[in-house]
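Written out below as structure tokens is the structure these notes cover.
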2 protein chains.
Amino acid sequence: MATQQRRERERAQRETLIVNAAREMAEADGWPAVTVRRLAERIEYSQPVLYSHFAGRGAIVDAVALLGIGELAASLEAARVGAAPGEELEAVAQAYLDFAAEHPAVFEAAFTLAEGLPFGPDAPDELKAGFAPLFAVFAPLAGDHDPEAVTEAGWAAIHGLAVLARDGRLRPRHQRERLAVLLEKFTST
Amino acid sequence: MATQQRRERERAQRETLIVNAAREMAEADGWPAVTVRRLAERIEYSQPVLYSHFAGRGAIVDAVALLGIGELAASLEAARVGAAPGEELEAVAQAYLDFAAEHPAVFEAAFTLAEGLPFGPDAPDELKAGFAPLFAVFAPLAGDHDPEAVTEAGWAAIHGLAVLARDGRLRPRHQRERLAVLLEKFTST
DNA sequence: TCACGATCCTAGCATCGCTAGACATCCGAG
DNA sequence: CTCGGATGTCTAGCGATGCTAGGATCGTGA
């Protein structure tokens, strides 16, 4: 029956409603404020409904993380293709730092809270899509090294910049200069 | 009276007992397993005793973080002075990665759980002591840039390598190669 | 119309961080 | 040596958390 399809459609809608609500609440008041009770009240359903969609609170965080990684991937790729020739690396790196600064809660979900996301060979498409633009800008700089290793090292450098800056570990007003150092170190020969 | 001094001595002993217990429990079963109740039972005191030493659970985590940062600083400095001339950077970087891999719970406390630690100008000595060996190996590579900015960028690169590897985001067997890439990028020219 | 199945909610459990108030213990003054 | 006060510790409990069992309610198809 068509009823079945409508049901599934409504279920899918409600699932994105949940994920979006969790994301907005986290971005507004931090992840500790995203409790199952408050989330349920926000979407105007009772708590057990959440558990019919997700295995638990952690699974909801993972869903936000996956969504965020997809957006980060799209943002990186957009920065790459929109950059002037020769400036792709800088554009991608800047996009990465901007994403971390503008969506701290999503970034936190993706890189420190998520626990159920598989990595390595059987990672979701969003994760591989995020690696692609990084590989595109770092691989040409590989020289004698393994292009993937260079990409991973470059990614790590940018990521470290993002997380240490977010936690207030670095001098706030020198982010631009730190990035310039990194770019020069990676591009020179 | 001398009684006062004995009291303070015993209090200090118990405080380190608490911090060490928290650290061991976290290293054994992860931070979520370090509850106030379990910690109290472990040290064979009731819960309120913990609150007479620390403002709350978070303050205990901060204490472990500070302790760990001190050890990390000592480890980095030892690696630097013990390295052959010209290999100080590699030794320090390797020590950083080793510390993160061997004490994941302490590393987590120091860099993702700690919330009450002050940074910037009025940071505790342990934090400044940790920056010193990094500055010592990175500043000579500054060239035209600000030495502190280069140090921060280099630290971020190593740190990113540590956290991404810890979370299983990077290919496990290529850590050595990634580090080699980083070292070459920073030392060339 | 009616019985069945899916959907949802109320109520509750165990556990968490934290705290008030009672109890015990130790110290120094008389 | 005794006793009052201060110090230290514990028992018991509060509000809130993540999660779940069981019953009520609704729509569906015969």
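Naming convention: chains lettered A, B, ... in sequence-line order (proteins, then strands); numbering from 1 in each chain.
- Distances from the side chain of B:Pro48 to the nucleotides C:dT19, C:dC8, D:dA21 place C:dT19 closest.
- Residue A:Arg37 has its side chain nearest to C:dC13 when only D:dT11, D:dT20, C:dC13 are considered.
- The side chain of A:Arg14 lies closest to C:dC8 when the candidates are C:dC8, C:dT19, D:dC19.
- Taken together through direct or relayed side-chain contacts under 4.5 Å among Ile, Leu, Val, Met, Phe, Trp and Tyr, B:Leu66 and B:Phe131 form parts of separate hydrophobic clusters.
- Closest to the side chain of B:Val36, from the set C:dG17, D:dC19, D:dT11, is C:dG17.
- The separation between A:Glu41 atom CD and D:dG18 atom P is 13 Å, rounded to whole Å.
- Here the nucleotide nearest the side chain of B:Val49, chosen from D:dC10, C:dT10, C:dC8, is D:dC10.
- Within the 4.0 Å cut-off from OP1 or OP2 of D:dT17, at least one side-chain nitrogen or oxygen of A:Arg38 is found.
- Listed nucleotides C:dT10, C:dC18, D:dG18 differ in distance to B:Gln47; the shortest reach to its side chain belongs to C:dC18.
- For B:Ile60 and C:dG17, the CD1 to C1' distance is 11 Å, given to the nearest whole Å.
- If you take CZ of B:Arg57 and P of C:dC18, they are 9 Å apart, rounded to a whole angstrom.
- Ring geometry for A:Tyr96 against A:Phe111 counts as tilted: the plane angle lies between 30° and 60°, on a 0 to 90° scale.
- Taking side-chain N and O atoms only, A:Thr35 has a distance below 4.0 Å to OP1 or OP2 of D:dT17.
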Discussion item. One pair to check against salt bridge (Lys or Arg N to Asp or Glu O under 4.0 Å): B:Arg23 and B:Glu71. What are the steps and the verdict?
Written reply: CA-CA 13 Å; B:Arg23 175 187 182 155; B:Glu71 291 184 12; 2.7 Å; yes
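- Of the candidate nucleotides C:dC18, C:dC9, D:dC10, C:dC18 has the atom nearest to the side chain of B:Tyr51.
- Within a 6.0 Å sphere centred on CD of B:Glu115, heavy atoms belonging to other residues, nucleotides or ligands number 12 at most.
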